Number of protein chains: 2
Amino acid sequence: MSDLLERLRGRGWRMTSQRRVVAEVLDGDHVHLTADEVHARATQRLPEISRATVYNTLGELVSLGEVLEVATDGRAKRYDPNAHHPHQHLVCSNCGTIRDVRLSGNPLSNLPADERFGFVVAEVEVTYRGLCPDCA
Amino acid sequence: MSDLLERLRGRGWRMTSQRRVVAEVLDGDHVHLTADEVHARATQRLPEISRATVYNTLGELVSLGEVLEVATDGRAKRYDPNAHHPHQHLVCSNCGTIRDVRLSGNPLSNLPADERFGFVVAEVEVTYRGLCPDCA
DNA sequence: CTAGCTGCAAAGCCTTTGCATAAAT
DNA sequence: ATTTATGCAAAGGCTTTGCAGCTAG
């Protein structure tokens, strides 16, 4: 359990009950919820919260750099609150489950400047695809 | 220009004019088209081809392992015909352009067996995100 | 007070599906 | 002849948007 809410307050983020609930639902380790799952959990605490607000809030957290969007082929995007600790993902090709892993080296250093085709590279995303223990 | 069509014939893939056109449009280096772009280009050669057929065909090429799906956050999926030469992607966060790059080492070896959480890992996907020369 | 967030409902984009017709082997 | 692909149109999932009203600061 990290301090997502505290960080947001510290950045002067306007706080509302909806935003607080979204941030609370999202916070934690190995959390990779879809927008719909976030909405479902938020609804348990705040029955009137709308899908639009969940989407707005998630979009904002992503812009702020406090939450990462994880694109999984075909399925709905997932949201990862662990944006401040670089990590990689193990994704199950069957059920879509995601697990965080942490590698030793820095994958960015694998791409020398002279192979970047003029791109200004900001981040690297490493995804291991396969079957999770349950599906294998 | 590789020999996608030849490989497909060799595998006993039932050939139709629609499928041929899709495979032709897709073939080549540094090609990363969306389904809609494939349809647009295919339509130039074969005006009656339907979107459904393009989607069906793309899905089949992916199942056959001849084409890779590239998920880009939010935007439509892109299709990469270069499935037989392992490579990584440089993706522009602004315009979505994709470029292939080839690293020296094998990224899979970066994840030791004891950090796989019981997953049977089949492949690694490495994506470098940043701004392309035009957008930077 | 007032900038800006919320909820609703409608629309949007991308993709899939069902079924009758057409074509490949 | 038989099996499989095609096209159409409709539906589906996920996400965004417009706007009137509400709320935090």
Side-chain angles (χ1 to χ4, degrees), chain A residues 5 8-26 32-43 45-64 66-80 95-96 98, chain B residues 5 8-26 32-43 45-64 66-80 95-96 98:
Chain A
L5 269 163
L8 291 168
R9 265 190 246 272
R11 299 181 73 172
W13 197 53
R14 184 169 187 165
M15 190 58 67
T16 66
S17 47
Q18 292 85 342
R19 287 174 164 206
R20 179 175 20 262
V21 169
V22 169
E24 283 170 2
V25 160
L26 218 47
H32 309 93
L33 300 170
T34 62
D36 214 53
E37 286 165 351
V38 171
H39 179 247
R41 299 194 184 193
T43 298
R45 299 177 176 218
L46 193 64
E48 332 79 68
I49 191 170
S50 73
R51 238 174 270 274
T53 295
V54 170
Y55 276 103
N56 286 340
T57 305
L58 289 172
E60 230 177 293
L61 292 173
V62 170
S63 309
L64 287 170
E66 292 292 347
V67 165
L68 300 173
E69 246 179 33
V70 183
T72 55
D73 295 319
R75 289 176 228 266
K77 281 181 270 187
R78 291 182 175 276
Y79 295 87
D80 180 341
C95 68
I98 301 179
Chain B
L5 268 163
L8 291 168
R9 265 191 248 273
R11 300 181 73 172
W13 198 52
R14 187 168 189 167
M15 191 58 67
T16 66
S17 48
Q18 291 86 342
R19 286 172 165 208
R20 179 175 21 261
V21 169
V22 169
E24 283 170 3
V25 161
L26 219 47
H32 309 93
L33 300 170
T34 62
D36 214 53
E37 286 166 349
V38 171
H39 179 247
R41 299 193 184 193
T43 299
R45 300 178 175 216
L46 193 64
E48 332 78 71
I49 192 171
S50 73
R51 237 173 271 275
T53 295
V54 170
Y55 276 103
N56 286 340
T57 306
L58 288 173
E60 230 175 295
L61 292 173
V62 170
S63 308
L64 287 169
E66 293 291 348
V67 166
L68 300 173
E69 247 178 32
V70 184
T72 54
D73 296 319
R75 290 174 226 268
K77 280 180 270 188
R78 293 183 174 275
Y79 294 87
D80 181 341
C95 68
I98 300 179

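Being a predicted model, the structure only gives us computed values, none of them experimental. Letters A, B, ... are given to chains in the order of the sequence lines, protein chains preceding strands, and every chain is numbered from 1.
Comparing the start and finish of the helix from C:dC1-D:dG25 to C:dT25-D:dA1, five pairs each, the helix axis swings through 40°, to the nearest 10 degrees.
Closest approach to the A:I49 side chain among C:dT6, D:dC8, C:dG7 is made by C:dG7 (side chain taken as heavy atoms from C-beta onward).
Residues A:T57 and A:T16 form no side-chain contact, since every pair of their non-hydrogen atoms from C-beta on lies 4.5 Å or further apart. Between A:M15 and A:L5 there is a side-chain heavy-atom pair separated by less than 4.5 Å.
Partners of A:R51 under the side chain to side chain contact (heavy atoms under 4.5 Å, CB included) rule, at least two apart in sequence or in another chain, are A:D36, A:H39, A:Y55. Take B:L8 and apply the side chain to side chain contact (heavy atoms under 4.5 Å, CB included) test, not counting sequence neighbours, and it matches B:L4, B:W13, B:A23, B:L61, B:L64, B:E66. Legend: residues meeting side chain to side chain contact (heavy atoms under 4.5 Å, CB included) with A:R78, ordered by chain and number and at least two apart, are A:H32, A:T34, A:E37, A:V70, A:I98.
A residue-by-residue look at A:S50 and B:N56 shows that A:S50 has its nearest nucleotide of DNA chain C further toward the 5' end.
In this entry the distance linking CG of A:L33 with P of D:dT15 reads 13 Å, nearest Å. Regarding A:H39, its NE2 atom lies at a distance of 16 Å from the C1' atom of D:dG13, rounded to whole Å. In this structure, CD of A:E60 is placed 11 Å from P of C:dG4, rounded to the nearest angstrom. For A:L8 and C:dC5, the CG to P distance is 13 Å, given to the nearest whole Å. The CZ atom of B:R19 sits 19 Å away from the P atom of C:dA22 (whole-angstrom rounding). When rounded to the nearest whole Å, the span between CG of B:L58 and P of D:dA5 equals 15 Å.
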Atom pairs, protein N/O to nucleotides 22-25 of chain D N/O, distance under 3.5 Å:
from   : atom 1 : to    : atom 2 : distance (Å)
D:dT23 : O2     : A:R14 : NH2    : 3.2
D:dA24 : O3'    : A:M15 : O      : 3.1
D:dA24 : N3     : A:R14 : NH2    : 2.8
D:dG25 : OP1    : A:M15 : N      : 3.3

Restricting to nitrogen or oxygen on both sides, can you table the protein-nucleotides 10-16 of chain C pairs closer than 3.5 Å?
from   : atom 1 : to    : atom 2 : distance (Å)
C:dT15 : OP1    : B:K77 : N      : 3.2
C:dT15 : OP2    : B:Y55 : OH     : 2.8

> Going through the distances and angles, do A:V22 and A:T53 end up as a side chain to side chain contact (heavy atoms under 4.5 Å, CB included)?
Replying inline: CA-CA 9 Å; A:V22 169; A:T53 295; 5.8 Å; no
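At most 12 non-hydrogen atoms from other residues, nucleotides or ligands lie less than 6.0 angstrom from CZ of A:R41.
Atom CZ of B:R19 sits about 13.5 Å away from atom CG of B:L46, to the nearest 0.5 Å.
Summarising the geometry of A:V54 relative to A:A35, their closest heavy-atom pair is CG1-O, 3.8 Å, with the distance given to 0.1 Å. Of all heavy-atom pairs spanning A:A76 and A:T72, the tightest one is O-OG1, 3.4 Å.
The side chain of A:Q18 places an N or O atom within less than 4.0 Å of a non-bridging phosphate oxygen (OP1 or OP2) of C:dG7.
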